[in-house]
Novice: 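Let me give you the structure first, and then I'll get to my questions.
What you are looking at is a predicted structure, and each value in this text was computed from that prediction instead of being measured.
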Amino acid sequence: MVENNLKVWPFIEAKKLLKRFENSKKKECIFQTGYGPSGLPHIGTFGEVLRTTMVMKAFRYLSDIPSKLFVFSDDMDGLRKVPQNIPNQNLIKENLEKPLSSIPDPFGKFKSFSEHNNNKLIDFLKGFEFDFIFKSSTEQYKSGKFNEGLEAIFDNYEDICNVILPTLGKDRRETYSPFLPICKSSGKVLQVKVKELNKSLKKIVYFNPITNSEEDCSIFNGECKLQWKVDWAMRWYVLGIDYEMNGKDLIESYILSNKITKIIGGRSPVNYTYELFLDEKGEKISKSIGNGISVDDWLRFSNKKSLELFMFQNPSRAKRLFFDIIPKTTDELLKLKNDYENLPKEQKFNSPIWFIDEKNEEKTPEKISFNMILNLASVCNAESSEILWGFIENYYPKIVKEDNKLLNELLGYGVVFYKEFILPNKKYRNPSDKEKIGFKKLIEVLETSSTDEEPEEIQTKIYEIGMSLKFENLKDWFSAFYQVILGQDQGPRLGSFIKFYGLKKTILLLEEKLSDEK
RNA sequence: GCGCCCGUAGCUCAGUUGGUAGAGCACUCCCCUUUUAAGGGAGUUGUCAUGAGUUCGAGCCUCAUCGGGCGUGCCA
């Protein structure tokens, strides 16, 4: 059997699901990932959706059972703190503790804060062409779709409390309730003790500190929501979730939700715990601290596929997420892509490429690595990818631009890298009188040169200027160009540089530096 | 205190079911060079955190110790 050779983690996960379906009458396999819309989607959200999608892909290969992915937004949750990265902070402050879907959009574009963030998430995920169905918690509650599950929780109220209460601290134990009523006068999510269950009317009775009176509310149709761990269990139960992964920080929550699911007669999904992302110092990445790097950061310096590769590798191992791994991962991607074609068919399934870029249409010349491109960008004033392309073409004369879309893309990232990290750190020194004469001569020579000239010819002309000025060490003449004109100690071969940078542009650059001098 | 994860070359990390320790970067040398390397080739680098145990054989399995991270309140 081919299946025995499928050893990468998404296939191992998919096989667990196959086993689950052996004794099940279920006709559909549902995957779920969760998202808290109090902030914008971050790299953890992305990783979870991507990795779940990879399991789904493996499952679809192994099984004919239809499958779908729910991306569930907890937009019924009360907002506890004002996020620091948004406008109209006062507006949010006035609406704290209300469900996210009842808080106005501080950006003024949508009906609510959560709708804004939900839309950001959907756009974000669509940008990666994920195949998913979005689910809003608020919508599920208010439409009554959760009623069946809410009733199951209500009917097992005591058993559930007996599971949760021992895990809570003393203070919280006093106020805990699986049901959190939504205050009818203030709209806030109330964390209050339930005094009584009205079993015939399916209502809860509680003391509302806002109105200072005893009130009741139905458990149905969004009049109250469930506390998180119970909510998770109820959601598995009602939506029939078969697979959900979570970060290591949620292990305890999963165990509890698992117990609750059993109590209400459900079956917990197959679960996979992935490790958290760490920053450069080895500490947990957190949205509020802002350490580590974001999806956007990554995509400024490399492509989506490299980020996907990073997410594929070793989810069960804590990984440090900082800038240096971007070029590294990109080069691994290039290598894997180049190797993929020659893999025996059964080995292809174990390659990350099968999961992230099965068609694998775009490849790069074997000898060119992303690290090399970045080095190249840092030495040759890479203001545009055209300049980089010139150097590459010079080195690999047979290369055809139209056939190397991916390479071109990478050159673009090289330019970004140059502008971001190299350009701001440049230090230009003033030329000596002798060097000034040399540069003026160089301008004259370039002005009379044809644009057809080969790099070698230009190189010879520069060399001759150096000779005519009798530099003690000819190297100093070339160094002067790097230090005065390019703002760095070393650089590319000048003949090539001027050719690819452009004669006219080089003249302008020289004139600019000569007149800038103070 | 308890639970889980991690500790492999100077740095960042791979090491599949136990079978002679690997890669990239860095470093050294050579090639290429009418100044250079961004390139090509060769080379150096390890008490696999420590100590014991199981085994013919341990980076991998077991136990203990040390060091780091996360969880163990609330919230999600």
Side-chain angles (χ1 to χ4, degrees), chain A residues 4-5 7-9 34-39 73-81 97 100 137 167-173 175-176 180 189 191 227-229 231-232 246-255 273-287 313-314 316-320 322-325 327-329 331-332 335 350 367-380 382 388 391-392 394-396 414 456-467 471 473-483 486 488-497:
Chain A
N4 293 331
N5 294 323
K7 285 175 184 166
V8 286
W9 67 267
Y35 163 66
S38 59
S73 171
D74 277 307
D75 55 10
M76 188 85 166
D77 291 355
L79 181 68
R80 303 179 60 81
K81 279 185 198 164
E97 289 173 56
L100 285 153
S137 178
T167 69
L168 298 174
K170 263 185 192 170
D171 295 344
R172 181 68 178 118
R173 224 175 285 175
T175 61
Y176 182 80
L180 309 174
V189 180
Q191 293 222 18
Q227 187 273 337
W228 139 252
K229 288 162 200 167
D231 195 57
W232 207 15
N246 58 264
K248 175 172 95 157
D249 50 342
L250 261 58
I251 290 174
E252 298 300 322
S253 300
Y254 177 83
I255 293 170
T273 303
Y274 55 86
E275 261 286 357
L276 305 174
F277 294 113
L278 311 175
D279 68 4
E280 197 159 4
K281 292 174 195 159
E283 284 164 7
K284 180 179 163 184
I285 283 187
S286 133
K287 266 192 286 184
Q313 291 166 330
N314 269 323
S316 57
R317 189 159 182 154
K319 289 146 77 79
R320 290 204 269 168
F322 60 105
F323 182 79
D324 302 36
I325 52 134
K328 188 189 164 195
T329 311
D331 275 334
E332 279 167 10
K335 192 174 185 312
N350 286 327
K367 289 186 174 177
I368 299 177
S369 73
F370 190 50
N371 262 307
M372 187 197 117
I373 291 171
L374 295 185
N375 286 336
L376 185 58
S378 68
V379 293
C380 67
L388 293 174
F391 281 93
I392 286 181
N394 189 45
Y395 213 86
Y396 305 97
E456 280 309 305
E457 295 173 80
I458 301 172
Q459 182 80 12
T460 304
K461 288 178 178 176
I462 303 168
Y463 183 81
E464 279 164 0
I465 295 171
M467 292 294 277
F471 278 88
N473 188 342
L474 202 59
K475 193 176 170 179
D476 295 339
W477 161 234
F478 287 92
S479 294
F481 191 98
Y482 301 131
Q483 291 167 355
L486 298 182
Q488 58 204 32
D489 286 334
Q490 293 188 334
R493 197 181 162 83
L494 283 186
S496 311
F497 173 76

Novice: Roughly how far, to the nearest 0.5 Å, is CD1 of A/Ile251 from NZ of A/Lys248?
Specialist: 7.0 Å
Novice: What nucleotide, of B/C75, B/U35, B/A76, holds the atom closest to the side chain of A/Phe478?
Specialist: B/U35
Novice: When we call it a touch if two heavy atoms are under 4.0 Å apart, what does A/Trp477 touch: a base, just sugar-phosphate, or nothing?
Specialist: nothing
Novice: Taking N and O atoms by type only, does the side chain of A/Thr460 place a donor or acceptor under 3.5 Å from a partner on the base of B/U34?
Specialist: yes
Novice: Kindly give the heavy-atom pair with the smallest separation between A/Ser137 and A/Asp74, and that separation in Å.
Specialist: CB-CA, 4.0 Å
Novice: Indicate the atoms forming the closest heavy-atom contact of A/Cys380 with A/Pro492, along with that distance.
Specialist: CB-CG, 3.6 Å
Novice: Please state whether the phosphate of B/A76, meaning OP1 or OP2, lies under 4.0 angstrom from any side-chain nitrogen or oxygen of A/Gln227.
Specialist: yes
Novice: Nearest whole Å is fine: how far is B/C70 C1' from A/Asn246 CG?
Specialist: 14 Å
Novice: Please report the distance separating the P of B/C30 from the corresponding atom of B/G7, rounded so that it comes out in whole Å.
Specialist: 39 Å
Novice: Write down the distance separating the C1' atoms in B/U28 and B/U20, rounded off to the nearest Å.
Specialist: 27 Å
Novice: CE of A/Met467 versus C1' of B/U35: gap in Å, rounded?
Specialist: 12 Å
Novice: From B/C74, B/A76, B/U36, pick the nucleotide closest to the side chain of A/Tyr482?
Specialist: B/U36
Novice: May I ask which nucleotide in the shown strands pairs with B/C48, Watson-Crick or G-U wobble, both distances under 3.5 Å?
Specialist: none
Novice: Figure out the CG/P separation between A/Leu276 and B/U72, and round it to whole Å.
Specialist: 12 Å
Novice: Return the pairing partner of B/C2 with a 3.5 Å limit on both distances, Watson-Crick or G-U wobble; otherwise return none.
Specialist: B/G71
Novice: In whole angstrom, what separates A/Gln483's CD from B/U36's C1'?
Specialist: 13 Å
Novice: Mind checking the C1' distance from B/U65 to B/G10? Whole angstroms is fine.
Specialist: 27 Å
Novice: Given B/A38, B/C4, B/C75, which nucleotide is nearest the side-chain atoms of A/Leu376?
Specialist: B/A38
Novice: Please verify the inter-ring angle class for A/Trp232 with A/Tyr254; under 30° counts as parallel, over 60° as perpendicular, anything in between as tilted.
Specialist: perpendicular
Novice: Ignoring the backbone of A/Lys248, work out which of B/A76, B/C5, B/G71 is nearest its side chain.
Specialist: B/C5
Novice: More 5' along RNA chain B: A/Asp77 or A/Ser479, using each one's nearest nucleotide?
Specialist: A/Ser479
Novice: Does B/A76 have a Watson-Crick or wobble partner in any strand here, with both distances under 3.5 angstrom, and which is it?
Specialist: none
Novice: Check A/Lys229 against A/Ser253 and note the closest heavy-atom contact, atom names and distance.
Specialist: CE-OG, 3.6 Å
Novice: Taking atom P of B/A14 as reference, at what distance in whole Å does atom CG of A/Asp331 sit?
Specialist: 17 Å
Novice: Among B/A76, B/G71, B/U34, which nucleotide sits nearest the side chain of A/Tyr463?
Specialist: B/U34
Novice: Can you tell me how far the CD atom of A/Gln459 sits from the OG atom of A/Ser496, to the nearest 0.5 Å?
Specialist: 7.0 Å
Novice: Report the base-pairing partner of B/G59 (Watson-Crick or G-U wobble, both distances below 3.5 angstrom), or none.
Specialist: none
Novice: Quick one, A/Tyr482 with A/Leu494, criterion side-chain contact (heavy atoms from CB on, under 4.5 Å). Give me CA distance, side-chain angles, the key distance, then yes/no.
Specialist: CA-CA 9 Å; A/Tyr482 301 131; A/Leu494 283 186; 3.7 Å; yes
Novice: Give one of base, sugar-phosphate or nothing for A/Gln191, where a contact means two heavy atoms less than 4.0 Å apart.
Specialist: sugar-phosphate
Novice: What integer number of Å spans the C1' atoms of B/A9 and B/C48?
Specialist: 10 Å
Novice: What is the base-pairing partner of B/A14, counting Watson-Crick and G-U wobble geometry with both distances under 3.5 Å?
Specialist: none
Novice: Tell me which nucleotide among B/C5, B/U35, B/A76 gets nearest to the side chain of A/Leu250.
Specialist: B/A76
Novice: Sticking with atom P, work out how far B/G59 lies from B/A42, rounded to a whole angstrom.
Specialist: 29 Å
Novice: Between B/U35, B/A38, B/A76, spot the one nearest the side chain of A/Phe391, thanks.
Specialist: B/A38
Novice: Give, for atom CD1 of A/Ile462 and atom CD of A/Glu464, the distance between the pair rounded to the nearest 0.5 Å.
Specialist: 10.5 Å
Novice: Taking the nucleotide of RNA chain B with the closest heavy atom to each, which residue, A/Ile325 or A/Thr167, is nearer the 5' end?
Specialist: A/Ile325
Novice: Which listed nucleotide (B/U35, B/C74, B/G71) is nearest to the side chain of A/Arg493?
Specialist: B/U35
Novice: Write down the distance separating the C1' atoms in B/U45 and B/C27, rounded off to the nearest Å.
Specialist: 9 Å
Novice: Counting side-chain heavy atoms from CB outward, which of B/G39, B/A76, B/C5 is closest to A/Met372?
Specialist: B/G39
Novice: Starting the side chain at C-beta, find the nucleotide from B/U35, B/A76, B/C74 nearest to A/Arg172.
Specialist: B/C74
Novice: With a 4.0 Å cut-off on heavy atoms, is A/Leu494 in touch with a base, just the backbone sugar-phosphate, or nothing at all?
Specialist: base
Novice: Just name whichever nucleotide pairs with B/G39, Watson-Crick or G-U, keeping both distances under 3.5 Å, else none.
Specialist: B/C31
Novice: Whole Å only: how far is the CD atom of A/Glu332 from the P atom of B/A14?
Specialist: 10 Å
Novice: Distance check, rounded to the nearest 0.5 Å: A/Lys461 atom NZ versus A/Ile465 atom CD1?
Specialist: 9.0 Å
Novice: What integer distance in Å separates A/Gln459:CD from B/U35:P?
Specialist: 7 Å
Novice: Looking only at atom P, what distance separates B/G3 and B/A64, rounded to whole Å?
Specialist: 9 Å
Novice: Nearest whole angstrom, please: distance from the P of B/G7 to the CG of A/Asn314.
Specialist: 11 Å
Novice: If the cut-off is 4.0 Å, is A/Asn375 near the phosphate of B/A37, judged by side-chain N/O to OP1 or OP2?
Specialist: no
Novice: Taking the P atom of each, how far is B/U16 from B/U54, in whole Å?
Specialist: 24 Å
Novice: Return the nucleotide paired to B/A9: Watson-Crick means purine N1 to pyrimidine N3 with N6-O4 or O6-N4, wobble means G-U with N1-O2 and O6-N3, both under 3.5 Å.
Specialist: none
